[in-house]
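Heads up: the structure comes next, in C-alpha cells.
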Amino acid sequence: MNARSLLVACALALSACGNAGPSSSNRSAAAEGSPDASVPTSVGSASTSTTAPAIAAADAAQLAHYDGYGDTRFGMDAAAFGVAWNGTLEDATPQPGSSCFYRRPVWVKQPGDFSFMFEGGRFVRYDAGTPREIAPGGGRVGMHEAQIRGLYGSRVEEQPHKYVAGANYLRVKSLQGNAVLVFETGADGQVTRWRVGVPPQIDYVEGCA
C-alpha cells in the first residue's frame, strides 16, 4: 500500500470512530434512567420528576377522612374496628357511670397526640394533637386561622373557645353525611389540635371526661 492509500484508509477509520453510537456504559446509563452528561437537563423537567413522586407519597399518607381514619369508619363496633385497624391498641375501659372511652395506637407517646373515641360500644371520633397528622382537606396543627380559612373557605364556622380567651373552635362540616372537623386554636390564632367525629361526641369539649 502506497502512502496516499495509507492516508485515505486512516481518514476513513477516524470518521467511522467519530460516528459510532454511544458506548456500552452510556447505553447502560440511559437504560437505568441516568441523564447523559452531554445532554443538559432543564430545571423544569428536573422539578417535574422530583415533585410528582413527593405529591403521590403525600396522598398515600393521607389517612384522615370525614367518615373515619384509614380503613376504620364511624359507627363500627369494637370488634369490626379492630379488624379494620389491624394493629395493636392500648386497652381502655370506660369510667364508672360512662360508656365513653379512648383507645390509642401503641406508637402514641403522649395521650393527647392521637386517640380514637368510643361511646356506647361504637367508634365515634378521633383526636390529633401533633403536626404529624393531616386533617381531611389539608389542615394541621401549627397552621394559623387564616390558613385554615384559605383551605376550607365559607365552610368554616367560628365559635369562641370555652376556656381560652381570644381562642376559637373552627368547625368544618363534611359535604356528605353528618361528620364534623373541628380545629381548636390558641389565643395567637394557631391550631393546637383538631378532631373529627359525629354528633354529639364531636362537641365533647372535655373528651370523655
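Residues Tyr204 and Phe114 share a single hydrophobic cluster, defined by chaining ILVMFWY side chains whose heavy atoms lie under 4.5 Å apart. No single ILVMFWY cluster, assembled from side-chain heavy atoms under 4.5 Å apart, contains both Leu170 and Val205. Linking Ile, Leu, Val, Met, Phe, Trp and Tyr residues whenever their side-chain heavy atoms come within less than 4.5 Å places Phe123 and Phe101 in a single cluster. Residues Trp107 and Leu63 fall within the same hydrophobic cluster, defined by Ile, Leu, Val, Met, Phe, Trp and Tyr side chains chained together at heavy-atom separations under 4.5 Å. Under a hydrophobic clustering in which Ile, Leu, Val, Met, Phe, Trp and Tyr are joined whenever their side-chain heavy atoms come within less than 4.5 Å, directly or via other members, Ile148 and Leu175 fall into different clusters.
Taking OG1 of Thr88 as the reference point, atom CZ of Arg103 lies at 10.0 Å (rounded to 0.5 Å). We find the CZ-CG distance between Arg104 and Leu89 to be 11.0 Å, quoted to the nearest 0.5 Å. In this structure, CZ in Arg125 is found 5.5 Å from CD1 in Ile202, a value given to the nearest 0.5 Å. Between Gln201 atom CD and Glu119 atom CD the span is 4.5 Å, to the nearest 0.5 Å. Between the CZ atom in Arg193 and the OG1 atom in Thr185 there is a gap of 13.0 Å [rounded to 0.5 Å]. For the atom pair Met117 CE and Phe74 CZ, the distance stands at 10.5 Å (nearest 0.5 Å).
A donor atom on one side chain and an acceptor atom on the other are not found under 3.5 Å apart for Thr192 and Glu184. With hydrogens and angles left out, the side-chain atoms of Tyr69 and Glu133 include a donor and acceptor closer than 3.5 Å. Side-chain atoms of Gln159 and Asn168 include no donor-acceptor pair closer than 3.5 Å. Defined by atom type and a distance below 3.5 Å, a donor-acceptor pair is missing between the side-chain atoms of Glu90 and Tyr102.
Between Pro136 and Val196 there is a side-chain heavy-atom pair separated by less than 4.5 Å. Between Pro199 and Asn178 there is a side-chain heavy-atom pair separated by less than 4.5 Å. Counting heavy atoms from C-beta on, the side chains of Glu158 and Arg149 come closer than 4.5 Å.
With hydrogens and angles ignored, the 3.5 Å screen pairs no side-chain donor or acceptor of Arg132 with any backbone N or O of Gly129. Between the His65 side chain and the Asp67 main chain, no donor and acceptor come within less than 3.5 Å of each other. The backbone N or O of Leu181 sits nowhere less than 3.5 Å from a side-chain atom of Tyr66 that would complete a donor-acceptor pair.
Aromatic ring orientation, Tyr152 versus Phe183: tilted (interplanar angle from 30° to 60°).
The 12-atom threshold is exceeded at CG of Asp77, counting heavy atoms of other residues, nucleotides or ligands nearer than 6.0 Å. Gln95 CD: 12 or fewer foreign heavy atoms inside a 6.0 Å radius.
Between Phe81 and Phe118, the gap from one ring centroid to the other is short of 6.0 Å.
In this structure, Arg171 is not positioned above the aromatic face of Trp194 in the sense of NZ or CZ being under 6.0 Å from the six-membered ring centre and within 45° of the axis.
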